[in-house]
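Residue numbers start from 1 in every chain, and the chains themselves are labelled A, B, ... in the order their sequence lines are given, proteins ahead of strands.
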Amino acid sequence: GAVVSQHPSWVICKSGTSVKIECRSLDFQATTMFWYRQFPKQSLMLMATSNEGSKATYEQGVEKDKFLINHASLTLSTLTVTSAHPEDSSFYICSARDGQGGFANQPQHFGDGTRLSIL
Amino acid sequence: AQSVAQPEDQVNVAEGNPLTVKCTYSVSGNPYLFWYVQYPNRGLQFLLKYITGDNLVKGSYGFEAEFNKSQTSFHLKKPSALVSDSALYFCAVNDYKLSFGAGTTVTVRA
């Protein structure tokens, strides 16, 4: 089955640090990847849609300069939280859609998430 | 806009009993509906999807879901719940991007 690897699983760092999270599709090519943020026991909030070779599309209210997304290849997208502060602490999850076939009927495949804690 | 709603925050059942997790949808056109499960500190795992065709969809781990157009529902079911089914369940509708319900926490007691 389609596997998405997300790294790192946990990050603890000081306020002001920039943190990079990687999302890789291991056995398929992902023309589109998605980045979500999740608060405890809540649903997933879509932050941005990342398309290979083009600029990411951010959801309303998401700061583009705070959350930098790069999708340089068909198997890798990165999210960089710049100058992170305690309010950025959260669970970040990526997903990828297989590039084959129609998009609406294909499930997204999710990484295991990254727990980010800013001290 | 397409959306789904999960009316129950929590569902508690005894092991061996039937499990139902409710979901209703609001879409224009044909709905593409999905169920995902999330275990603590993990990403989401795909359970099943409805695209078209048979209203009863079978998925992973013994789960199934029934698509009901007249009631605009897509309830997730399992005939005999296991303790290991305890998790957070999300219903979702897919356009270009997924829109999730609020999630339902399922607790199966031994």
Which bit of [X] is near chain A, if near means a heavy-atom gap under 4.5 Å: side chain, backbone, both or neither?
X      : value
B/D9   : neither
B/Q6   : neither
B/L88  : side chain
B/F100 : both
B/Y50  : neither

Chain B-proximal positions within residues 56-63 of chain A [heavy-atom distance under 4.5 Å]: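 Within residues 56-63 of chain A, near chain B: A/E59.
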
Residues of residues 79-94 of chain A near chain B, each having a heavy atom less than 4.5 Å away: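 If one takes a 4.5 Å heavy-atom cut-off, the residues of residues 79-94 of chain A near chain B are A/F91, A/I93.
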
Considering all heavy atoms, the nearest A/Q108-A/S95 contact: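 It is OE1-OG, 2.6 Å.
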
A/H7 versus A/T114, closest heavy-atom pair with distance: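 Looking at all heavy atoms of both residues, the shortest contact is C-OG1, 4.4 Å.
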
Is there a side-chain contact between [X] and [Y], using heavy atoms and a 4.5 Å cut-off?
X     : Y     : answer
B/F74 : B/W35 : yes
A/L76 : A/N70 : no
B/L48 : B/L76 : yes

Neighbour count above 12 (heavy atom, 6.0 Å) for B/N55 CG: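 Yes - once you tally the heavy atoms of other residues, nucleotides and ligands closer than 6.0 Å, there are more than 12.
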
Check: A/D27 side chain, A/V3 main-chain N or O, donor-acceptor pair, under 3.5 Å: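 Such a contact is found between A/D27 side chain and A/V3 backbone.
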
Residue pair A/E52 / A/Q29, side-chain donor-acceptor N/O under 3.5 Å: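 Their side chains do not contain a donor-acceptor pair, so the 3.5 Å distance test is not met.
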
Between A/F110 and B/Y36, ring centroids under 6.0 Å: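 Yes, close enough.
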
Ring-ring centroid check B/Y25 B/F67, cutoff 6.0 Å: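 Yes, ring centres under 6.0 Å apart.
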
Top of A/T32, A/L44, A/D112 for chain B proximity - count of heavy-atom pairs under 4.5 angstrom: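 Most heavy-atom pairs within the cutoff with chain B belong to A/D112.
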
Evaluation steps, salt bridge (Lys or Arg N to Asp or Glu O under 4.0 Å), between A/E22 and A/R24: CA-CA 7 Å; A/E22 292 188 348; A/R24 294 181 183 272; 3.5 Å; yes

Chi angles and distances behind the side-chain hydrogen bond (donor to acceptor under 3.5 Å, both in side chains) call for B/S73, B/N68: CA-CA 5 Å; B/S73 67; B/N68 188 316; 4.7 Å; no

Chain B contact via A/S9 - side chain, backbone, both or neither, heavy atoms under 4.5 Å: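 No part of A/S9 comes within 4.5 Å of chain B.
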
Per-residue contact mode, A/Q6 against chain B (heavy atom under 4.5 angstrom):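 The answer is neither part of A/Q6.
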
Residue that, paired with A/H71, satisfies side chain to side chain donor-acceptor pair (under 3.5 Å) out of A/S54, A/S77, A/S50: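 When A/S54, A/S77, A/S50 are each tested with A/H71, the side chain to side chain donor-acceptor pair (under 3.5 Å) holds only for A/S50.
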
